[in-house]
Amino acid sequence: MDCSTFETTLADLKEQRRELKDAMALMPPSKQPQMQEQLDDLNVQIDAAKADLDECEALAAQSEGKPPRPFTLKVKELYCAEADKEWGVDEPYLITGTVDRLGTIRLGTLPLVGPIGFDKAAVHTLVIGPWSKVKPGGTYPVGALSKNPSLWDLSGNALALADPEDAIFLVAMMENDGASPDAIRGAANSALEIAALNNDQLDYDAMVDTCASAMAGGIDVALGAGVGPGHLNFDERIGAVAPLPITQNDLDTLAAGHSVEKTLWFLHAKKSGKFTDRYSVTFFMEPD
């Protein structure tokens, strides 16, 4: 587990404190109270940074030498900071895309041979939601939904991940206005499958960008899927399709038996720059 970022942060804060103390020694008494406030604030930051470093080093000691641990990845809750004023109530939902870069595409089974296939990135997509009657300022646990499947692995079971670059997790925030979330998910799945199949030779960051762009394109061409009499409004995508980054530190934390929470923000703004929609989604990684 790499704790170097915490070490650097702590060292930088201590250097700032040293420089501030040197400056205070040269200042007249009238300037001391204001500088003392800055020093007190730095001391608080240093204590917090030291606690973060201690926690990281403790987790590193617990996870050292331990194999990757199977985990589930689920949505914990939705938070609405701001929502566009429109007819009716807001009903946001998620479309998630998971790419298992070490997956196997099965072509079928032959007599005397058994299953045949080839190693290519395997894909699945899920609809989570919609949440109903969502209002600005509200937090909506996933318990309000009938289903909350795991994004990992593709069968929905807990699965170990040895390298964070062996999987890609993508999330789209949607507003349900009358179209079919399942039909939109199907279009996203098809686009993501093609992108993953044709671009697995790319480096990780490039493949993430390519898959996110493809998934967004698949969603956008199907925003009106299922619209008909009585349901005339297309669904909307709020912000970009966002990667959910999984780090080696996350995997080490899971290996040590601890859970991990991660939060993504989704923002939509008018050309003036004023936000019309601001949502966050918190995800929960739980070791098996």
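Position 1 is the first residue of the sequence; numbering continues from there.
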Report whether [X] and [Y] are members of the same hydrophobic cluster (ILVMFWY, side-chain heavy atoms less than 4.5 Å apart, transitive linking).
{"X": "Val208", "Y": "Ile194", "value": "no"}
{"X": "Leu202", "Y": "Val123", "value": "yes"}
{"X": "Phe71", "Y": "Phe284", "value": "no"}

side-chain hydrogen bond (donor to acceptor under 3.5 Å, both in side chains) partners for [X], two or more places apart:
{"X": "Arg237", "answer": "Asp220"}
{"X": "Glu7", "answer": "none"}
{"X": "Tyr93", "answer": "Asp235"}
{"X": "Ser4", "answer": "Asp2"}

Could you pull out all residues at least two apart from Phe169 that satisfy ring pair (Phe, Tyr, Trp, His ring centres under 6.0 Å)? Trp152
Once salt bridge (charged side-chain N to carboxylate O under 4.0 Å, His left out) is applied, what residue pairs with a partner in residues 19-45 remain, sequence neighbours excluded? Arg18-Asp22
For Asp54, which residues count as a salt bridge (charged side-chain N to carboxylate O under 4.0 Å, His left out) partner, sequence neighbours excluded? Lys50
Taking every heavy atom of Ala191 against every heavy atom of Ala214, the minimum-distance pair comes out as CB-O, 3.3 Å
Minimal non-hydrogen separation, Leu161 against Ala167, with atom names: CD1-CB, 3.9 Å
Return yes if a side-chain donor-acceptor contact under 3.5 Å exists between Thr247 and Asp250, otherwise no. yes
Taking C-beta and beyond as the side chain, do [X] and [Y] meet within less than 4.5 Å on heavy atoms?
{"X": "Met173", "Y": "Asp277", "answer": "no"}
{"X": "Pro68", "Y": "Leu251", "answer": "no"}
{"X": "Val241", "Y": "Ile95", "answer": "no"}

Should the heavy atoms of other residues, nucleotides or ligands under 6.0 Å from CD of Gln36 be counted, would the total exceed 12? yes
Residue pairs meeting ring-ring contact (aromatic ring centres under 6.0 Å, His included), one or both in residues 204-225, sequence neighbours left out, come to none
ring-ring contact (aromatic ring centres under 6.0 Å, His included) pairs, two or more places apart, involving residues 242-265: none
Evaluate Met174 against Ile219 for side-chain contact (heavy atoms from CB on, under 4.5 Å), listing each step before the verdict. CA-CA 10 Å; Met174 308 292 297; Ile219 289 171; 3.6 Å; yes
Can you sort out the partners of Ser190 under side-chain contact (heavy atoms from CB on, under 4.5 Å), two or more places apart, ordered by chain and number? none
Which pairs with one or both residues in residues 207-219 pass side chain to side chain donor-acceptor pair (under 3.5 Å), sequence neighbours excluded? none
Would you say the side-chain atoms of Lys262 pair up with the backbone N or O of Ile246, donor to acceptor, closer than 3.5 Å? no
Members sharing Met27's hydrophobic cluster (side chains within less than 4.5 Å): Phe6, Leu10, Leu13, Leu20, Met24, Met35, Leu39, Leu42, Ile46, Leu53
